[in-house]
Asker: 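Before I ask anything, here is the structure I am working with.
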There are 2 protein chains.
Amino acid sequence: MAHLDRIFHSLSDSTRRAVIAQLAHGPASVGDLAQRHSMALPSFMKHVRVLEESEIVVSRKMGRVRMCQLRPDALTIAQGWLERERRIWESRLDRLDSFVETLAEQDNAHGHE
Amino acid sequence: MAHLDRIFHSLSDSTRRAVIAQLAHGPASVGDLAQRHSMALPSFMKHVRVLEESEIVVSRKMGRVRMCQLRPDALTIAQGWLERERRIWESRLDRLDSFVETLAEQDNAHGHE
DNA sequence: GGATTAGTTAGCCATATGGCTCATCTTGAT
DNA sequence: ATCAAGATGAGCCATATGGCTAACTAATCC
């Protein structure tokens, strides 16, 4: 599960989430992305690399500019995991509800409303 | 957005994701949870604490046993963020499609610049 | 009461993270 | 040909993370 580790780790930093949010609106160069975050470029580059290693972002160099963009399926893996767990959790709550209902019915067995 | 930071950080560790997965099936004590992960209890407790600080898990002590359970809205915040970003990203791709179509049409009409 | 069980606290350690600066390299503009 | 711009590489630093052991507390069991 090292991939999920990397994906969620990427998402755990607000700078990187901001980069994702920005890239959701369209491709941008490292410089463009860096501008909004008052941070030295080498520091910022580390974030870009983290995003690339988690396969959320791809980039390629055109001239001296590196253009970055989101991968089409960037967030679906993370969403998939969350959705699966939530489903399990909710189906359990449903069963629990009906279990509680059953209990309630049994409880009412001798005093029907 | 320190809260999102903490949530995604919690999710970035496979031990903690396993705990969430287990808790999705129902409450469990710290001991129950720890058993499957060959790890010293104090190490494991740190994970539990991380999960509590990110408000994914709540626990309360009954006797000498600490019972843990998922919070009902545990994963919705993370899902919400992911869903918002994906929506932006996809609506942009839609616009881009029509933009490319438009370009193609113009290209056919006038030639290039 | 004494032993056992389930956590908890404290502290150690190696590595990872996230920031910085300074030096370098490549490309684009003049 | 030179210079500026956009990255990139190397390396420093403080703090955080994730593991451990050992010692302690508090509930339960015999």
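In this text, all values refer to a predicted model and were calculated from it rather than measured experimentally. Residue numbers begin at 1 in each chain, while the letters A, B, ... track the order of the sequences. Hydrogens, waters and symmetry mates play no part in the numbers below; they use all other heavy atoms, side chains included.
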Asker: With the side chain of A:Arg49 defined as its heavy atoms from C-beta on, choose the nearest nucleotide among D:dG9, C:dA6, C:dC20.
Answerer: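 Nearest listed nucleotide: D:dG9.
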Asker: In whole angstroms, how far is the P atom of D:dA7 from the CD atom of A:Gln35?
Answerer: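 Whole-Å distance recorded here is 10 Å.
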Asker: Is it the case that the base of C:dG7 and the side chain of B:Lys61 share a donor-acceptor contact (distance under 3.5 Å, atom types as modelled)?
Answerer: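 By the distance-only test, no, there is no pair.
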Asker: Look at the side chain of A:Arg66 and decide which nucleotide, out of D:dG18, D:dT8, D:dA4, has an atom nearest to it.
Answerer: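 So the side chain of A:Arg66 is nearest to D:dT8.
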Asker: Salt bridge check: are A:Arg87 and A:Glu90 linked by an N-O gap of less than 4.0 Å?
Answerer: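 No, A:Arg87 and A:Glu90 are not salt-bridged.
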Asker: Rounded to whole Å, how long is the line connecting atom CZ of A:Arg60 with atom C1' of D:dT8?
Answerer: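 After rounding, the gap between these two atoms is 19 Å.
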Asker: Can a donor-acceptor pair under 3.5 Å be found between the side-chain atoms of A:Arg64 and the base atoms of C:dT26?
Answerer: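 Between C:dT26 and A:Arg64, which were checked side chain against base, a qualifying N/O pair under 3.5 Å is absent.
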Asker: Figure out the CZ/C1' separation between A:Phe8 and C:dT17, and round it to whole Å.
Answerer: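 Nearest whole value for this atom pair: 19 Å.
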Asker: Let's see if you can work this out: which of D:dT8, C:dG7, D:dG19 has an atom nearest to the side-chain heavy atoms of A:Met45?
Answerer: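 Nucleotide nearest to A:Met45's side chain: D:dT8.
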Asker: Measure from the side chain of B:Lys46, starting at C-beta and using heavy atoms only, and say which of C:dT4, D:dG18, D:dA7 lies closest.
Answerer: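 Taking heavy atoms from C-beta onward, the closest nucleotide is D:dG18.
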Asker: Map A:Leu41 and A:Val50 onto DNA chain C by nearest heavy atom, then report which one ends up closer to the 5' terminus.
Answerer: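 Mapping each residue to its closest nucleotide by heavy atoms, the 5'-most match is A:Val50.
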Asker: Considering heavy-atom distances to DNA chain C, does B:Val65 or A:Asp13 have its closest nucleotide positioned more toward the 5' end?
Answerer: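 With B:Val65 and A:Asp13 compared, the 5'-side residue is B:Val65.
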Asker: Which one, C:dG7, D:dG18, C:dA6, comes nearest to the side chain of B:His47?
Answerer: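 Of all the options, the side chain of B:His47 is nearest to D:dG18.
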